[in-house]
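Remarks on the structure that follows.
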Number of protein chains: 2
Amino acid sequence: MATLKDVARLAGVSVKTVSNVVNGYSFVKPDNRRRVEEALEATGYRPNLGARNLRRGRTGFIALVLPELSIPYFAELAGLVIAAAQEHEWNVLIEQTFGTLAGERSALASLGPHLVDAAILSPEALQVDDFQLSVPTVLLGEHAVDVPISRVGIDNVAAAQTAVRHLVSLGRTRIAAIGAHPHRGTAALRLEGYRAALAEASLPFSPELVVPALNYHRADGAAAMKSLLDMKTPPDAVFCFNDLLAIGAMRTAAERSVRVPEDLAVVGFDNNEESAYSAPSLTSVAPDKAAIARAAVDLLHRRVDAPDGALENVETPFSLLVRESTVVR
Amino acid sequence: MATLKDVARLAGVSVKTVSNVVNGYSFVKPDNRRRVEEALEATGYRPNLGARNLRRGRTGFIALVLPELSIPYFAELAGLVIAAAQEHEWNVLIEQTFGTLAGERSALASLGPHLVDAAILSPEALQVDDFQLSVPTVLLGEHAVDVPISRVGIDNVAAAQTAVRHLVSLGRTRIAAIGAHPHRGTAALRLEGYRAALAEASLPFSPELVVPALNYHRADGAAAMKSLLDMKTPPDAVFCFNDLLAIGAMRTAAERSVRVPEDLAVVGFDNNEESAYSAPSLTSVAPDKAAIARAAVDLLHRRVDAPDGALENVETPFSLLVRESTVVR
DNA sequence: CATCGTTGTTCCAACGATGTAAAGACCGAG
DNA sequence: CTCGGTCTTTACATCGTTGGAACAACGATG
């Protein structure tokens, strides 16, 4: 691999002059510039990023800490973050926590100014004390606990309310919710939106219709739905806190020969790509994932330049995509 | 951020002694070792990986070049590669090519010994000339063209043959294939396995039952299925070259009121997590993705130590998971 | 008591890049 | 023909780390 030294020798100038050409410094004699450029071409020089960053005090990387890439929402988001980061000449380092406290702590511990310039976190279990951050950071989703960190996400209360309002507008009166979670801020907000929509329609809030889910995988949705269908008066609609839960719930409904949407309307959250193709296709709250990714990366980019900027709370748009799981074609 | 120098000053020893402690060098006086360890603890020292790697001539990163993270197969695989890489103290840098030649070329160009120690490629469009690699590399899947690079993957012919044999064993006689592709090596092999299974069963090979797909997304499967169902004698089974195509195909079948599996048996390939929850659930060829990820990373790890080792061709196991899309419960 | 091998520590150079300061080239003005 | 100023290039130090050589301390050996 060619270094600046090699190029300099070939062009017959000093190392620094080559560096100046590479970095677009203005005052280089046209003649030298030409010779250097030829030498660069001839050697196929590529800067050693490690060395450059060591000198510059930057790493050129940002961390993206998320539960798991096999969860479609995070996979799609990761793809968008990578694309957005590229525009700022950042490479993205993905760390998986598997939603565990230990995983999140170890991811956080491995972060540091020498490894990444900034970090995007999507935490599920972190405690207040864990947030000893050494690089500019932005949270995706909601603060699980009250910490002064910038955040990007949608208005979860409004989004959930929109979803449940839709179920109400279909004439459903016994609307369940799947995905309650003791420590997840997002879950609390979606539950709040759910309750608000019920109240708005003067429907009673029945705690037994709110089913917790410790993970948000398909299997959890399937299990939760089983318990709902075992009730003596099962619900006629269910609002799931993500699409995977909804897919699992629909699976259980199919196994019990409960018709969706006739007997049971189902709404999900996240709008995974697969949800447009499920049978029936899934009505879902669709956050603008590209906007989230771009907002998060842009915010960090500003913050790296001005580390002491004010906290930001960016709200990105969402929409409700109505599909077959709530409305008969 | 604390450096070795800070720790050394605090412990009252030289920088190198601290370095020795950090790197587990044996001959350090117990007393000094203790003092250094206390100082490490007190300062919260973390090695600057950039500097270390600059000195060691390693970068600590491997590249994973794949089409798109929003494709579940690649997302799942990426998660497993990250986990496997962690065991070798490697971080993974993901590059998305979106399946285009330009995307793959630019990913390849950005790679180099200064950025990554090795690379895992999952190419779709690369030409022979493009393979001017500067770091140890392994291909996932198949060689699109004939290049001398190590490779990890399953036996695609045998896997496809197993899938189609299963359809034959169900008494299906008019078996279609979705996913033919002019330049994709994997597609050619799966087609070969398809033809072998037909031949084995003395079934005729009908070119009109082989539908090409330029991309392997759900929409392509849906479109391909439409063309098959428009035939005057539609197929009674279809082998899709990946699960997304199969999901799309099943979607079209549902829209046309074609019953799966009664009227049409469907088999996919990849065993995405979503395929166990689709309605009906999808019979699929299941490669051992964890084995693929581990084999690829291990191979690279060997190759980094011994760059001139022989080419390797690692075949990982697969199985056929029979679900509702081919067999009535 | 000189010598030796082992153990423990320090000093120096180097990885490849860039910021700084200073030196050299060049120009026109006085 | 010198001076002052602007352009252009260079030597050097530096980022944080580690390999190697040099050196110091030690008990053991003859």
If each of B:G12 and A:R56 is mapped to the nucleotide of DNA chain C with the nearest heavy atom, which maps nearer the 5' terminus, i.e. the 5' end? B:G12
Which residue, B:V13 or B:A51, contacts DNA chain C at a nucleotide closer to its 5' end, judged by nearest heavy atom? B:V13
May I ask you to evaluate whether [X] reaches the phosphate of [N], defined as a side-chain N or O under 4.0 Å from OP1 or OP2?
X     : N      : answer
B:R52 : D:dT18 : yes
A:N53 : C:dA17 : no
A:S19 : C:dA17 : no

Give me the distances for all protein-to-nucleotides 4-8 of chain D N/O pairs that come in under 3.5 Å?
none

Sequence neighbours excluded, which residues qualify as salt bridge (charged side-chain N to carboxylate O under 4.0 Å, His left out) partners of B:E312? B:R302, B:R303
Under a 3.5 Å limit on both distances, the Watson-Crick or wobble mate of D:dG30 is C:dC1
Would you mind pulling out the nucleotide paired to D:dG5, Watson-Crick or G-U wobble, both distances under 3.5 Å? C:dC26
Determine whether the aromatic ring centres of B:Y73 and B:Y216 lie less than 6.0 Å apart. no
Scan A:T3 against the nucleic acid and name what it touches under 4.0 Å (heavy atoms): base, sugar-phosphate only, or nothing. sugar-phosphate
Would you mind classifying the nucleic acid contact of A:V15 as base, sugar-phosphate or nothing, using non-hydrogen atoms under 4.0 angstrom? base
If you check every side-chain atom of [X], which of [options] has the closest atom?
X     : options                : result
B:P47 : D:dT17, C:dA17, D:dA11 : D:dT17
B:S14 : C:dT10, D:dT10, C:dG16 : C:dT10
A:R55 : C:dT10, D:dT18, D:dA13 : D:dA13

Check whether A:D6 reaches the backbone of A:A2 with its side chain - one donor and one acceptor, N or O, closer than 3.5 Å. no
Expected output: side-chain B:R184 to main-chain B:L214 donor-acceptor under 3.5 Å: yes
Should the ring pair B:H301 and B:H88 be called parallel, tilted or perpendicular, given that the plane angle runs from 0 to 90° and is split at 30 and 60? parallel
Run through B:L121, B:I94, B:T97 and flag the one making a side chain to side chain contact (heavy atoms under 4.5 Å, CB included) with B:L66. B:I94
Do the side chain of B:K16 and the base of D:dG19 come within less than 3.5 angstrom through a donor-acceptor pair of N or O atoms? yes
To the nearest Å, how far apart are [X] [atom1] and [N] [atom2]?
X     : N      : atom1 : atom2 : answer
A:L40 : C:dA17 : CG    : P     : 11 Å
B:L54 : D:dT18 : CG    : P     : 11 Å
A:N23 : C:dG19 : CG    : P     : 7 Å

Ion pair A:R58/A:D305, N-O distance below 4.0 Å: yes
